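All figures in this text were calculated on a predicted structure; none of them were measured in a lab.
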Amino acid sequence: MALIIFKAPERSAAAPSTPEAVLKSKSRTSEIYTQVKQNPLNAYFGRTQIPDPTLEKFGGGRGFELYYEVRRQITELSGILGQLVDGALKRRVVVVAGDPSVSRSVEIADEMRRVWEDIPYKSVTMQAALDTLITCGFAPIELVWGRDESTGIVAPIGEVRDDGTRGPGLIDRPAQNIVFDEAGNPRFLSVLDPFLGEPIEPLKFIFLQCGTMNTQYGKAMSMDLYSGAWFYQQVRQMMLDAVEKYGRPIPHVLIPRGTDPGEMAEIDDFYTKKFGTYTRAMTDETAVEVQYPSMPMAASGSAGRSEIEVLKFLQGTMYICALRTRQTQGESNASRSLETVRDARTDAAAVLYSDILCEGLQGGWMRPTMQINYPSDDPKLWSRFVLDTTAIDDPDKVHGRVMDGVDRGISYSKQYYFKRFGVQEAKGKDDVLGVPREIPMGTGSFIQPDTPPPNTGATPQQGDDEDDETEEE
């Protein structure tokens, strides 16, 4: 009988060939590699732990508060992450109709737009939530439901206070106060239950998440920035020590040879109290002499100079990690062009967080509001949130581009122009912005060109979409 050491692997089951067979398997339609299976301690504590190696090693039980401490201590890091927040907020979240071709959908969108625009302090909440999302990897937003008196719609718009004012409908909450139990249900840590947390009702919170979906806590960008921030703190302290130590004249004390140890100790104690830092040497003279350097390091500008260069290097590494681009400096034309490129790349890096915010508000604010207030309408007609990408256009650049095209004979629909600046709505689709192609002799009328000028593309005189500008940018 032959001894078989290695056995050929066998497939456990054949691959499904029909949709019903795919959905029949429970393991295919649910998560199997859950956080509880990844970390056995989750089952013991009754809640999932944050799988962040940086917090596990350096957090000391403080959790996400460690990252906030680092940001408070390093203002440069807060500025770098703040650029991502500002870039994400350039794309405003706006309400649009589910089907613009259906009047009922447009009517619903108009009502929801009025409700959304009347929510107080939502800009502050979204800014703080994005800041928490970038710092911690996930951000909780509490919803306060209420009824809009003008439309009767029930939505997270805030409660009416005793003085008649309406409170915020969306409130940013600290990430370190939210935990998740073994089933993935969120719980809020409070003074009443600081360990397991209080249960949270459905439709009470929106949770923004980035970095990874392997854990409900996401992945914090601060985890990758922590090492660079730690070195930045150490080098900055070295720089301050160097400036304090070498930024003033350091006296040089000459002590006569043959001074006994007791008297040497008295001299050292005297000049330490007097100067703090000094250097000493032995001399053939009979008396103690104090000499001062002619040019201290502070006057020559060398105190802390090497540390400043290291700080610039570390700051550049944090820029690359957070914004995926290099930091540019200087005042030359080349530097300004690089600054423009950096701004464009910063906006590109912030697109992700704009999308996360829009998706979170769509799933946690808009969809429940639609289900509660418009249950009988077709879901295709429900309003939805989208990002207004035209908000990132600089008005001066848009105006200059449009005027340059007008000077070259290109016509733009006024819908395009007004949509960029938000000043007013064009009254008709034929209402265009342009210059006359020719002025007939003997008349004072202007004639718009029927055909586009050569090499300028088609003349967008019809339509009101954002493709009305035909000049190739």
Side-chain angles (χ1 to χ4, degrees), residues 52-82 135 222-322 326-331 335:
D52 189 329
T54 301
L55 296 181
E56 292 176 1
K57 187 172 183 180
F58 305 104
R62 291 171 293 175
F64 290 119
E65 181 61 27
L66 172 67
Y67 294 148
Y68 285 107
E69 289 182 4
V70 174
R71 290 193 55 175
R72 287 192 295 267
Q73 294 170 3
I74 304 179
T75 55
E76 295 87 345
L77 180 58
S78 293
I80 293 173
L81 299 182
T135 303
S222 303
M223 181 175 65
D224 298 329
L225 291 170
Y226 183 81
S227 61
W230 185 86
F231 280 110
Y232 193 94
Q233 283 182 306
Q234 305 305 312
V235 176
R236 186 174 62 179
Q237 186 60 47
M238 294 170 58
M239 179 196 69
L240 296 177
D241 293 342
V243 172
E244 181 181 2
K245 183 176 181 180
Y246 301 110
R248 64 181 186 275
I250 299 178
H252 185 63
V253 180
L254 300 176
I255 303 175
R257 299 183 185 277
T259 304
D260 59 83
E263 187 177 357
M264 183 74 72
E266 293 180 0
I267 295 175
D268 181 71
D269 182 67
F270 174 79
Y271 287 108
T272 299
K273 293 180 179 179
K274 183 176 182 180
F275 300 121
T277 301
Y278 74 97
T279 60
R280 67 183 183 182
M282 308 305 292
T283 180
D284 294 331
E285 302 295 331
T286 58
V288 177
E289 182 181 358
V290 179
Q291 297 179 350
Y292 293 92
S294 57
M295 177 178 286
M297 296 184 66
S300 63
S302 59
R305 177 182 296 177
S306 58
E307 289 84 356
I308 291 177
E309 295 301 322
V310 178
L311 289 178
K312 291 180 180 179
F313 167 77
L314 293 174
Q315 187 174 350
T317 60
M318 291 189 290
Y319 250 94
I320 295 174
C321 180
R326 294 182 179 274
Q327 181 186 15
T328 58
Q329 298 176 347
E331 298 296 336
S335 177

Can you check whether [X] reaches [Y] side chain to side chain, under 4.5 Å on heavy atoms?
| X | Y | answer |
| --- | --- | --- |
| R71 | L81 | yes |
| F64 | T135 | no |
| V310 | M239 | no |
| T317 | F231 | no |
| Y232 | E76 | yes |

(request) Can you spot which of V288, V253, L254, I255 makes a side-chain contact (heavy atoms from CB on, under 4.5 Å) with T283? (result) L254
(request) Could you point out which residue of I80, I74, L77 forms a side-chain contact (heavy atoms from CB on, under 4.5 Å) with L225? (result) L77
(message) Listing request: all salt bridge (charged side-chain N to carboxylate O under 4.0 Å, His left out) pairs with a residue in residues 56-67, at least two apart in sequence or in separate chains.
(response) R62-E69, E65-R72
Atom [atom1] in [X], atom [atom2] in [Y]: separation rounded to 0.5 Å?
| X | Y | atom1 | atom2 | answer |
| --- | --- | --- | --- | --- |
| Q233 | R236 | CD | CZ | 6.5 Å |
| L311 | M238 | CG | CE | 9.5 Å |
| I308 | Q315 | CD1 | CD | 12.0 Å |

(message) When you compare the side chains of D52 and Y67, does any donor N or O come within less than 3.5 Å of an acceptor on the partner?
(response) yes
On a heavy-atom basis, which atom in [X] and which in [Y] lie closest, and how many Å separate them?
| X | Y | value |
| --- | --- | --- |
| M282 | M264 | CE-CE, 4.0 Å |
| P251 | V290 | CB-CG1, 4.0 Å |
| M318 | G228 | SD-C, 4.4 Å |

